[in-house]
Each structure stands twice: as C-alpha cells, then as structure tokens.
Protein chains: 2
Amino acid sequence: MSLPHAILTALLEKPSSGLELTRRFDMSIGYFWSATHQQIYRELGKLEQAGFIRALPQDVPARGQKREYEVLAGGRAELASWVGRAEDPKPLRDAFALRLRAAAMVGTGELLGEVERHLSLHRGQLATYREIEQRDFGHLGAERRGGREERLQHLVLRAGIEMERFWVGWLEEAAVELRELDA
Amino acid sequence: MSLPHAILTALLEKPSSGLELTRRFDMSIGYFWSATHQQIYRELGKLEQAGFIRALPQDVPARGQKREYEVLAGGRAELASWVGRAEDPKPLRDAFALRLRAAAMVGTGELLGEVERHLSLHRGQLATYREIEQRDFGHLGAERRGGREERLQHLVLRAGIEMERFWVGWLEEAAVELRELDA
DNA sequence: AGTGCCATGTAAGTAGTTACATGATTAC
DNA sequence: GTAATCATGTAACTACTTACATGGCACT
C-alpha cells in the first residue's frame, strides 16, 4: 500500500495534476516507486474520495481539462502516521538472480549478452544519479549539513547510488564468471 | 513472468510436490523470488497444461494426495530460452526510501525505531546468507573453482550477501542522520 | 480541416495476496 | 477417536499492466 503515500508525498512537495505527477514519477519519486498514469489517476480518485486531497477550487471538473490537487490535513496526518508504522521489508524479487540460477541448470546460452546489456543500463542510471547529486547537493561541504528536508532527500538519493553501484559491481563479477565458463 | 521459470528451475534441481516447492521457496529460491503455496499450485497446473512438466506416473491424482512433478523436455527448452531472453530490469520499488522522502515532508516521527528494526532484520538475513555460504561453498579455495552449477549458484548467493550489506550500511547511515535530526 | 500534443480516463487482463475449505495420514 | 500435520485446492480481492478511447487546445 505505498502508491497512495508516494502520491501524497509528491503532492506535498508540489501540488500537481495527474499528468504532472506522472512525469515526476518518471523522474524523481519514480526512481523508488514507479507508476503509470492509469494507476495515478485511479489513485487520485480514491484519495479525493477519502478526503486526503482535493482538486484546487479553480479547476472545473471537465474531461480533457487539467485538475490540480493539493493535500488536505487528513492526508498529511495519514502520511505522518505511515512514516513510523511498522511494515516489514518485502522479500526481494529479482529476475536476474533467478536467471543465473536457471543457467546453472540448463546452461548459460546467450546470458552474457544480457549481463552486458544490464550492466550498461545500470551504469547509465548510476551516472544519472550522480548528476542529480552534483546538481542538487554538490554545494554542500564534506560534513553535509543542511535542513531536514535536504538531508533526508540526499540520503534517499545515496540509497539509489549505492544500489546501482551494487548492481554494477555484481554484474561485472557475473560477466567475468560467464566468460570463464564459456572459455 | 518469472514465477513459472522459478518453478521450472526448482523442479530441475529436484522433482518435488507443491508443498515441497513451497518449503524450498521459503528457503533458497525464495530468497530471490518468493511465492505462496496458492500461487505455486496454480502455476503447477498451468505448467502441466502447457506440457512443460508432468506428475510422476506413480502419483494418483486424488485430493489430499501428494503429487510429485518433473520437468519435461519442453519445459527445459523454455527455461533455456528464457535464460538469454532480453528482459529489462524492473524499476526498483522500495517503500523504505519512500518513507524517508515522506519524512522529509512531514517529519521523522517514529521512523528511527523502524530503521533499527529493519536494520536488525537485514543483519539477520546477512548472517543467514553467510552461514549458507560457509556451509555450501566454504570448502572452495580463494580462487573459487568448481563446476558451472556450483559457481553460478555461489554467484547468486553473493548477490544476496552484497544486497544485504548494502541495506545494513545504508540503514546505519540513516540511523545516524535521524539521531542527529532528533537531537 | 488536419496534425500533434495536453490531459483524463475506461476496459480487460495478469500477478500476487489473504482467507478459507477439505481430504489423508500419523501420533497419542 | 481426535488432534496435529501433511497436502492440495477454491474464492475473493488488490495491485499492476497493457491497450485503447476521447475531449481540448494550439499551430499551420
């Protein structure tokens, strides 16, 4: 049940329409919780119904017309309560590890090409994160002071960076193993 | 579409009944692709229908009776083709990063407790992986030789270890930040 | 009038989760 | 005989995905 909370967070950062949210999910929030526009519109409807958000008054509710939403007090309270709620980490699901395990049984086939393709995707993502870090947090000194908002957002970004670093490192190892096995 | 392939892999490692598969998903394969018994039974039905697996002949098809499945040639071929198939990595979805980002907007609340709880869960998982590594691959020397099967399975396990290491490191950092912010 | 993009949606299908049902076997 | 456990399943629901529909507005 994280999508509604992702949307509430995004709307608190900046009131937006469905399409604007979709675009921001493709960029920043979406790096940790992706969503399509269909999901977002549906969820916006539910959140409005629940009284957590409302369309800005000036917006006429017509089809094809932009509707901007803002978070209401109830929505903010719900989000604040969710932040500290006990919720276990979801068991990891990774298809690539699975493929290697399958390769252990049926042979590596064309797997090396896939490893290299994923490697370059992850390298690209890592580079993107680093650029964002430079742009948004590059002005901070080594001790990384800053306000609560800035520090927490940087911490989240560092999670993305470390995660991609993990992938790049592990996939490089996998490539070495596969080349040795093919030899 | 990874669950059927996870099941095919597990059945190639060892022909099993639905319940045995469920247990193995709770232990080894499931570390990378979890599944409940309901999902597994449903998928076994589909795989049998598709001609990828069959119930061992001696098994009578009665309710409450054990049915062991084995992989047929078609199933093995499907799995081998999947191994090298182009399939993009799924966008990361992590609720914890999201919670930090929400905390940036509405305050950290009881988040530190959750960070510590997750930290101890991830430390436990890391310890489990290390034990498995010691048990299954501890006999190998530093250059880690071994057969294809052994080397690939070890590579998969190392992914789990590195992943948990990432979490532990990042959550420790998060705990430090939160303690500073609370101070 | 036609093209392209902005914007919001509907519909259908797949995957995964949660709750419950029921038969068979073993231990006491 | 009854309780626990093994074993397989059904049903209902939620979340997510994919494909398509439709209206508004700007430009030419």
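Computed from a predicted model, the values in this text were never measured in an experiment. The sequence lines fix the lettering, A, B, ..., with proteins before strands; numbering per chain opens at 1.
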Grab the CG-C1' distance between A:Leu3 and D:dT17 for me, whole Å please. 13 Å
Please determine if B:Glu70 and B:Arg76 form a salt bridge, counting it only when a charged side-chain N lies under 4.0 Å from a carboxylate O. no
Tell me which residues in residues 17-45 of chain B lie within less than 4.0 Å of DNA chain D, going by non-hydrogen atoms. B:Ser17, B:Gly18, B:Leu19, B:Arg23, B:His37, B:Gln38, B:Tyr41
Would the B:Phe32 and A:Phe96 ring centres measure less than 6.0 Å apart? no
Pairwise distance NE2(A:His5) to CZ(A:Arg85) - rounded to 0.5 angstrom: 5.0 Å
Do B:His154 and A:Glu177 get their side chains close enough for a donor-acceptor pair, meaning under 3.5 Å? no
Nearest-Å distance, NZ (A:Lys46) to P (C:dG9)? 15 Å
For B:Ile7 and C:dA15, what is the distance between atoms CD1 and P respectively, to the nearest whole Å? 12 Å
Does a salt bridge link B:Arg123 with B:Glu164, judged by any charged N lying under 4.0 Å from a carboxylate O? no
Charged N to carboxylate O below 4.0 Å: is that the case for B:Glu48 and B:Arg54? no
Expressed in angstrom and rounded to an integer, what is the separation of A:Lys66 atom NZ from D:dC25 atom P? 13 Å
